[in-house]
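Heads up: numbering here begins at 1 and tracks the sequence. Because the structure is predicted, anything quoted here is derived from the model rather than measured.
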Amino acid sequence: MATDAQIQANRANAKRSSGPKTDDGKARSRLNALKHGLRASTVNPVLPHEDPAELEAKIQDWIDDYQPTNAIERELVSRAARISWSLDRAERYETALLAKQVRKAMLRSRAKRVAKVCDLGRKLFYMAGKRLLPISGPAWNDDPTAFVARLEE
């Protein structure tokens, strides 16, 4: 059971860590979990790092190209332009995700290669002289030319 001092400390702590208070802080924290924005439930299809004027220009380009003749056609063309905007965002997100995976794979590959080179180097310089006993050597075939050939690979 908690003591009165612990309860008071917990209450004081809770007052300091109860989240953002200002509208600006709440607006920023609302986007903390945003990854790609494809399933965003907001009405505005423009994310904070995107330019709303670009979306409007895209919609206007589509309207100019398709020249809708009534309100329904205009709405459909506008929706198609917004969907195209979302698809472009999805492609950018996918490209960024793939690039991140490639970078990680390259780092892992480089780390494995460095570990392999270090291991071969240790094997190469493990024993510089004659072995005292046949069983006193390493568990691998101590052939320096093979180690050097692998290192050169």
Side-chain angles (χ1 to χ4, degrees), residues 1-128 136-140 142 147-148 150-153:
M1 180 149 183
T3 65
D4 286 336
Q6 287 175 327
I7 292 171
Q8 292 303 322
N10 288 345
R11 286 183 182 154
N13 227 3
K15 286 181 183 176
R16 282 186 272 131
S17 62
S18 58
K21 302 275 189 258
T22 65
D23 290 338
D24 184 46
K26 290 177 183 178
R28 272 186 283 129
S29 69
R30 191 173 292 123
L31 298 172
N32 282 348
L34 181 70
K35 299 288 185 216
H36 45 68
L38 292 177
R39 298 182 336 161
S41 59
T42 60
V43 177
N44 189 3
V46 180
L47 298 179
H49 63 276
E50 296 173 335
D51 186 11
E54 285 184 33
L55 175 60
E56 289 304 318
K58 183 176 194 105
I59 293 172
Q60 192 57 49
D61 287 345
W62 280 54
I63 289 173
D64 293 343
D65 287 347
Y66 287 101
Q67 298 177 351
T69 57
N70 57 33
I72 293 173
E73 287 180 0
R74 185 177 176 86
E75 177 63 23
L76 291 174
V77 169
S78 296
R79 282 185 183 212
R82 281 192 205 93
I83 290 170
S84 171
W85 176 267
S86 295
L87 288 174
D88 291 344
R89 180 189 303 143
E91 286 177 3
R92 286 192 306 271
Y93 179 76
E94 182 183 26
T95 301
L97 193 64
L98 288 173
K100 183 179 178 181
Q101 289 174 347
V102 166
R103 282 192 301 274
K104 275 184 166 180
M106 288 174 64
L107 287 174
R108 281 192 303 266
S109 173
R110 185 178 301 149
K112 286 179 184 176
R113 204 174 20 210
V114 167
K116 197 175 196 179
V117 166
C118 289
D119 185 48
L120 288 169
R122 277 193 293 278
K123 288 177 180 179
L124 181 63
F125 296 112
Y126 177 76
M127 189 167 288
S136 66
W140 61 81
D142 195 9
F147 296 149
V148 170
R150 286 195 198 122
L151 282 170
E152 287 175 348
E153 285 178 5

Strictly distance-based, threshold 3.5 Å: is any side-chain N or O of Thr95 a donor or acceptor partner for the main-chain N or O of Glu91? yes
Give, for atom NZ of Lys104 and atom NZ of Lys100, the distance between the pair rounded to the nearest 0.5 Å. 5.0 Å
Near Gln60 CD, under 6.0 Å, is it more than 12 heavy atoms from other residues, nucleotides or ligands? yes
Give a yes or no on this: more than 12 heavy atoms of other residues, nucleotides or ligands lie within 6.0 Å of atom CZ of Arg79. no
side-chain contact (heavy atoms from CB on, under 4.5 Å), paired with Arg82, selected from Ile59, Val46, Leu87: Ile59
Between Asp51 and Trp85, the two heavy atoms sitting closest are O-CH2, 3.8 Å
Asn70 side, atom CG; Leu76 side, atom CG - distance, nearest 0.5 Å: 8.5 Å
Take atom CG in Asp23; do more than 12 heavy atoms of anything else shown fall under 6.0 Å from it? no
Kindly write out the residues that satisfy side chain to side chain contact (heavy atoms under 4.5 Å, CB included) with Leu97, not counting sequence neighbours, or none if the list is empty. Tyr93, Gln101
Side chain to side chain donor-acceptor pair (under 3.5 Å) between Gln6 and Asn10: does it pass, once the steps are laid out? CA-CA 6 Å; Gln6 287 175 327; Asn10 288 345; over 6 Å; no
Under the rule for side chain to side chain contact (heavy atoms under 4.5 Å, CB included), what residues qualify as partners of Asp24, not counting sequence neighbours? Thr22, Arg28
Holding to side chain to side chain donor-acceptor pair (under 3.5 Å), I want the full list of residues that pass it with Asp4, two or more places apart in sequence or in another chain. none
Check whether any side-chain heavy atom of Ser78 sits under 4.5 Å from a side-chain heavy atom of Ile63, and report yes or no. yes
With the side chain counted from C-beta on, respond yes when Leu55 and Glu50 share a heavy-atom pair under 4.5 Å apart, and no when they do not. no
Using a cut-off of 6.0 Å, state whether more than 12 heavy atoms not belonging to Ile72 lie near its atom CD1. no
Charged N to carboxylate O below 4.0 Å: is that the case for Glu54 and Lys58? no
Basic-acidic side-chain contact under 4.0 Å: Glu94, Arg89: no
Shortest non-hydrogen pair, Pro20 vs Gly25, comes out as CB-C, 3.6 Å
